[in-house]
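Reading through the C-alpha cells given below for one structure.
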Amino acid sequence: RISLEGQRGPWTATVWWSPARRQRWQAWGWSGEPEATPEHADFQRFGASAVRSFVLSPAALVRLEAAWMSGTDLDRFSRYSFDAFEDRLRGYPSAGLRFDRGAVVRTVAAWNATPRVRLDAFADTAFAHDPGFGSGLRSYSGLGAGLEAPLPGRALLAVEWGYGFQGRDREGGQGTHVVRATAYKIF
C-alpha cells in the first residue's frame, strides 16, 4: 500500500493505492463469469479521505470524516466491506455489505462525562455499488452510541450499539442492531 497524507490546519487528507497479485490463480465459478478468468489474478484498490475535528470544549469534540474508495478487477474476495475496525458503518454487521466502489461519511460526537468515562454518538451514511444489486449506488445509513470506561486491573471496556436503517435482519425485516463489546488490557 502506498499512501500520501497531508495536513493543513484542522484538516487531514489521505490518498492511497494498493496493487495486489495473487501467487496462484485458478479459474473458479461458472464458466464465462467475468470473475472466473485468469485476467483477474491481479487487482488494484485505491481511495481518498478527509478528516476534520472540532473541539467544542476541553471535554467535547466532533469529528467528521469523508472517504471514497474504488478499484479495478475486484472480485468477491477482494471487494471492500464495512467492518468493525477500519471501514466502519454503524449498525451493519461486519462483512455484511461488499462493494467495489463507494463513499462514506462518518461523524462522531464524543463527550468525557468524567475524567475516566467517555460517551459517543455516531451517525454514518454510505453510498456503495455492489454488482450483485445492479449498476447504481445504494445508500446505507446508521446511528449509534458508545461508552468507554475503565475496568479493574488497568483494563478498558468499550461498548458500542448501532442501528442500520437499510440492513436486513435474520427474518428479512428491515433494520439491524449491532452491539460490540471490547475489553483492552493495558500493559
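With sequence neighbours left out, the side-chain contact (heavy atoms from CB on, under 4.5 Å) criterion links Ser78 to Arg22, Phe43, Leu74, Asp75. Remark: Ala121 pairs with no residue by the side-chain contact (heavy atoms from CB on, under 4.5 Å) rule, at least two apart or across chains. Under the side-chain contact (heavy atoms from CB on, under 4.5 Å) criterion, Val108 pairs with Arg63, Asp120, Phe122, not counting sequence neighbours. Residues passing the side chain to side chain donor-acceptor pair (under 3.5 Å) test with Asp100, sequence neighbours excluded: His129.
Under the 4.5 Å side-chain criterion, counting only non-hydrogen atoms from C-beta, Phe82 is in contact with Phe99. Looking at Tyr80 and Arg45, their side chains come closer than 4.5 Å, going by heavy atoms from C-beta outward. Residues Gln174 and Arg168 meet the side-chain proximity criterion, which asks for heavy atoms closer than 4.5 Å. Looking at heavy atoms from C-beta onward, Leu56 lies in side-chain contact with Val62 at the 4.5 angstrom threshold. Using a 4.5 Å cut-off on side-chain heavy atoms (C-beta onward), Val178 and Trp161 make no contact. The shortest side-chain heavy-atom distance between Arg79 and Pro131 falls under the 4.5 Å cut-off.
Rounding to the nearest 0.5 angstrom, the gap separating the OG1 atom in Thr107 from the CD atom in Glu65 is 10.5 Å. Rounding to the nearest 0.5 Å gives a distance of 13.5 Å between CZ of Arg90 and OG1 of Thr176. From Asp42, atom CG reaches atom OG1 of Thr72 across 7.5 Å, with rounding to the nearest 0.5 Å. The distance from the CG atom of Leu89 to the OG1 atom of Thr125 is 8.0 Å, given to the nearest 0.5 Å. The CZ atom of Arg106 lies 8.5 Å from the OG atom of Ser49; values are rounded to the nearest 0.5 Å. In this structure, CG in Asp130 is found 8.0 Å from CG in Leu97, a value given to the nearest 0.5 Å.
Leu156 and Val179 fall into different hydrophobic clusters, where Ile, Leu, Val, Met, Phe, Trp and Tyr are joined by side-chain heavy atoms under 4.5 Å apart, directly or via other members.
Closest approach of Asp169 to Gly175, counting heavy atoms only: CB-O, 3.8 Å. When every heavy atom of Ser141 is checked against every heavy atom of Tyr92, the shortest pair comes out as O-OH, 2.8 Å. Pairing each heavy atom of Ala158 with each of Tyr184, the nearest pair is CB-CE1, 4.1 Å. Phe127 approaches Ser139 most closely through the heavy-atom pair CE2-CB, 3.4 Å. Between Val104 and Arg88 the shortest heavy-atom distance is CG2-O, 4.4 Å. Contact between Ala149 and Val117 at its shortest, heavy atoms only, is CB-CG2, 4.2 Å.
The aromatic rings of Phe46 and Trp68 sit tilted relative to each other, their planes meeting at an angle between 30° and 60°. Using the six-membered ring where Trp is involved, Phe165 and Tyr163 have ring planes that are perpendicular, over 60° apart on the 30 and 60° scheme.
Arg118 forms no cation-pi arrangement with Trp111, by the criterion of a distance under 6.0 Å to the ring centre and an angle within 45° of the ring axis.
When hydrophobic side chains of Ile, Leu, Val, Met, Phe, Trp and Tyr are connected at separations under 4.5 Å, Leu157 ends up clustered with Leu151, Val159.
Panel note: side chain Thr12, backbone Val51; no donor-acceptor pair is recorded below 3.5 Å.
Sorted by first and then second residue, the pairs that involve residues 174-187 and meet salt bridge (charged side-chain N to carboxylate O under 4.0 Å, His left out), not counting sequence neighbours, are Glu160-Arg180.
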